[in-house]
Amino acid sequence: MKKIIFTENAPAPIGPYNQAILVGNTLYTSGQIAINPKTGELVLTDIETETKQVMENLKAVLTAADMTFENVVKATIFIMNMGDFAKINTVYGNYFNEKTAPARETVQVTCLPKNVNIEISVLAIK
């Protein structure tokens with residue numbers, strides 16, 4: 001049975017999807033972009049600030065499912081510019097213990113929703 005996960009501490013979906021779905025002990029999150037959930041505005045100051053907002057949005061969704069980044073087993077990162085990889089990786093790395101960090105792929109794409117520079121989704125297990 002699937003359970004819909006929703007929190008006002010992360011951006012509301014901008015289409016026909018949910019922030020996350022919990023099935024048994026597995027959480028599937030939708031991709032998060034850098035929308036400030038309090039203002040609804042995009043946070044596009046620089047790639048570090050944008051990445052931090054994405055990670056904070058994911059943190060809010062994980063928290064709503066009674067999980068943390070320690071529960072994350074897989075992450076998918078979509079970025080507009082592979083030249084930003086090192087900066088993104090530095091911010092992303094602040095949210096994980098390097099020894100227990102999840103599996104991950106990073107893919108450069110030509111366009112993302114709302115013309116953001118990064119989108120991240122995760123898979124977590126409790």
Side-chain angles (χ1 to χ4, degrees):
M1 185 96 145
K2 71 180 182 179
K3 178 182 177 186
I4 306 301
I5 302 298
F6 176 81
T7 177
E8 291 184 3
N9 295 321
I14 55 175
Y17 62 89
N18 288 290
Q19 292 169 333
I21 302 292
L22 183 64
V23 179
N25 292 331
T26 305
L27 182 72
Y28 303 86
T29 72
S30 292
Q32 287 292 320
I33 61 175
I35 296 175
N36 179 319
K38 292 179 179 148
T39 66
E41 299 294 320
L42 287 169
V43 178
L44 304 175
T45 311
D46 54 48
I47 194 63
E48 293 93 344
T49 304
E50 189 172 349
T51 303
K52 184 174 191 297
Q53 183 65 60
V54 169
M55 295 303 289
E56 288 297 315
N57 292 345
L58 285 168
K59 182 179 178 181
V61 174
L62 288 165
T63 299
D66 197 28
M67 294 189 193
T68 70
F69 283 108
E70 281 296 312
N71 296 100
V72 174
V73 296
K74 179 75 187 297
T76 302
I77 303 175
F78 298 100
I79 60 176
M80 293 288 292
N81 180 359
M82 196 58 77
D84 288 333
F85 181 81
K87 292 176 183 177
I88 291 166
N89 208 42
T90 298
V91 175
Y92 172 93
N94 290 329
Y95 289 84
F96 294 100
N97 175 333
E98 192 170 327
K99 292 183 181 184
T100 60
R104 179 183 86 183
E105 67 260 332
T106 303
V107 180
Q108 181 174 317
V109 296
T110 58
C111 190
L112 288 166
K114 297 189 173 274
N115 295 311
V116 297
N117 299 296
I118 184 169
E119 180 175 2
I120 303 175
S121 64
V122 298
L123 175 66
I125 299 178
K126 192 169 189 181

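For reference, positions follow the sequence shown, starting with 1.
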**Any residue meeting side-chain contact (heavy atoms from CB on, under 4.5 Å) with D46, in chain and number order, not counting sequence neighbours** = E48, T49
**Request:** Evaluate the side-chain proximity of R104 to N89: yes if any heavy-atom separation is below 4.5 Å, no if none is.
**Result:** yes
**Side-chain (N36) to main-chain (T39) donor-acceptor, under 3.5 angstrom** = yes
**Request:** Indicate yes or no: at least one non-hydrogen side-chain atom of Q32 is less than 4.5 angstrom from one of I120.
**Result:** no
**Asked** Will you find, in the side chains of Q19 and S30, an N or O donor that is under 3.5 Å from an N or O acceptor?
**Response** no
**Smallest separation among heavy atoms of F6 and P13, with atom names** = CE1-CD, 4.2 Å
**Item:** side chain to side chain contact (heavy atoms under 4.5 Å, CB included) between V122 and K74, intermediate numbers included
**Value:** CA-CA 6 Å; V122 298; K74 179 75 187 297; over 6 Å; no
**Item:** Any I79 side-chain heavy atom under 4.5 Å of I88 side chain
**Value:** yes
**Pairs meeting criterion side chain to side chain donor-acceptor pair (under 3.5 Å) with involvement of residues 111-123, two or more places apart** = E50-N117
**Asked** Just wondering, more than 12 heavy atoms not from E8 lying within 6.0 Å of its CD?
**Response** no
**Request:** List in chain and number order the residues that pass side-chain contact (heavy atoms from CB on, under 4.5 Å) with N9, two or more places apart in sequence or in another chain; answer none if no residue qualifies.
**Result:** T7, A60
**Request:** Work out which heavy atom in Y92 is nearest to a heavy atom in T51; give both atom names and the distance.
**Result:** N-CG2, 4.3 Å
**Prompt:** Side-chain heavy atoms under 4.5 angstrom apart, residues restricted to Ile, Leu, Val, Met, Phe, Trp, Tyr: same cluster for I33 and L123?
**Reply:** no
**Prompt:** Applying the 4.5 Å side-chain criterion to the ILVMFWY set and letting contacts propagate, would I5 and Y28 be lumped into a single cluster?
**Reply:** no
**Prompt:** In the single-linkage hydrophobic clustering (I, L, V, M, F, W, Y; side-chain heavy atoms under 4.5 Å), do I118 and V43 co-cluster?
**Reply:** no
**Asked** Are any of the side-chain heavy atoms of F96 and M55 separated by less than 4.5 Å?
**Response** yes
**Prompt:** How far apart are the closest heavy atoms of M67 and A124, and which atoms are they?
**Reply:** SD-CB, 3.6 Å
**Fill in**
Scanning both residues in full, the closest heavy-atom pair of N57 with P37 reads OD1-CD, 3.7 Å
**Same apolar cluster (I L V M F W Y, side chains within < 4.5 Å links), V54/I77** = yes
**Between CG on residue D84 and OG1 on residue T90, distance to nearest 0.5 Å** = 11.5 Å
**Message:** Hydrophobic clusters here meaning ILVMFWY residues chained together by side-chain heavy-atom distances under 4.5 Å, can you tell me if I35 and F78 are in one?
**Reply:** yes
**Complete:** When every non-hydrogen atom of V72 is compared with those of P102, the smallest separation belongs to O-CB, 3.4 Å
**Request:** Taking all non-hydrogen atoms of both residues into account, name the closest pair between M82 and V107 and its distance.
**Result:** CE-C, 4.4 Å
**Message:** Working to the nearest 0.5 angstrom, can you tell me the gap between T68 OG1 and L62 CG?
**Reply:** 7.0 Å
**Prompt:** Side chains of F69 and L58: does their closest heavy-atom pair fall under 4.5 Å?
**Reply:** yes
**Asked** Roughly how far apart are K52 NZ and T45 OG1, rounded to 0.5 Å?
**Response** 12.0 Å
